[in-house]
Amino acid sequence: MSDAARRMLLGILLLGVIGINAELLLLSHTEHASQWIPLVLNAMTIVMSVVVAFKPTTGTIRLFQLVMLLMIISGGVGMYLHLQANMEFQTEMDATLSGWALLKKSVVAKAPPALAPGAMTQLGLIGLAYTFRHPALGSRRTS
């Protein structure tokens, strides 16, 4: 991968995490401890992006990859938590809902948006793409 492509991926990642953090802060996504997870991970991503941009060593790239893995996991956990909250709300509104009807109604609910945390997963994957065959990791090819 070219250096230019790598820089573009890092730029996209930074724009994404800054945008998500701004949105979460504007929505006061800070009421429960679990709501701080994406904010903290995004802050860690910003710090690690600066570090790998200016000091790409094997250690910093591996730490960056760990943060990206945590971003991916947090997206899945966040979708589960949002969906769970929506399902609880929908069953309070209509106790007869169950199965597919409940799931469908919960997924399309506006608050909290059930699939929105998936953006964390996407950003984590962009971050991992940035590290793909990164020069600081050395060559692992065998002839």
Would Met1 end up clustered with Ile12 when hydrophobic side chains under 4.5 Å apart are linked, directly or stepwise? yes
Are Val52 and Phe132 connected, step by step, through hydrophobic side chains (Ile, Leu, Val, Met, Phe, Trp, Tyr) whose heavy atoms are closer than 4.5 Å? yes
Residues in ring-ring contact (aromatic ring centres under 6.0 Å, His included) contact with Phe64, at least two apart in sequence or another chain: Tyr130
Report yes if some heavy atom in the side chain of Met68 is under 4.5 Å from a heavy atom in the side chain of Met71; otherwise report no. yes
Side-chain contact test, heavy atoms from C-beta onward, threshold under 4.5 Å: evaluate it for Thr57 versus Lys55 and give yes or no. yes
Could you check whether any side-chain N or O of Thr131 sits under 3.5 Å from a backbone N or O of His134, counting only pairs where one atom can act as donor and the other as acceptor? no
Flag, side chain of Asn42 to backbone of Ile18, donor-acceptor distance under 3.5 Å: no
With heavy-atom distances below 4.5 Å as the criterion, would you say the side chains of Val107 and Asn86 are in contact? no
Interatomic spacing from CG in Leu102 to OG1 in Thr91 - rounded to 0.5 Å: 6.5 Å
Among the clusters formed by ILVMFWY side chains lying less than 4.5 Å apart, do Leu123 and Leu15 turn up in the same one? no
Flag side-chain contact, heavy atom, 4.5 Å: Leu83 against Leu103: yes
Would the number of heavy atoms belonging to other residues, nucleotides or ligands and lying under 6.0 Å from CD of Glu23 be above 12? no
Less than 4.5 Å apart, any side-chain heavy atom of Leu13 and any of Leu10? yes
Output the distance between atom CG (Leu25) and atom CG (Leu39), rounded to the nearest 0.5 Å. 5.0 Å
Please round to the nearest 0.5 Å and tell me the distance separating atom CZ of Phe89 and atom NZ of Lys105. 9.5 Å
Only one of Thr60, Thr58, Leu66 forms a side-chain contact (heavy atoms from CB on, under 4.5 Å) with Arg62, so which one is it? Thr58
Could you tell me whether the side chain of Val77 reaches within less than 4.5 Å of the side chain of Ile73, counting heavy atoms only? yes
Is there a donor-acceptor contact under 3.5 Å linking the side chains of Gln35 and Thr30? no
Rounding to 0.5 Å, atoms CE (Met120) and CD1 (Ile20) come to a distance of 6.0 Å
Working to the nearest 0.5 angstrom, can you tell me the gap between Gln65 CD and Leu70 CG? 12.0 Å
Step by step, work out the side-chain hydrogen bond (donor to acceptor under 3.5 Å, both in side chains) result for Ser106 and Gln90. CA-CA 7 Å; Ser106 299; Gln90 293 300 327; 5.6 Å; no
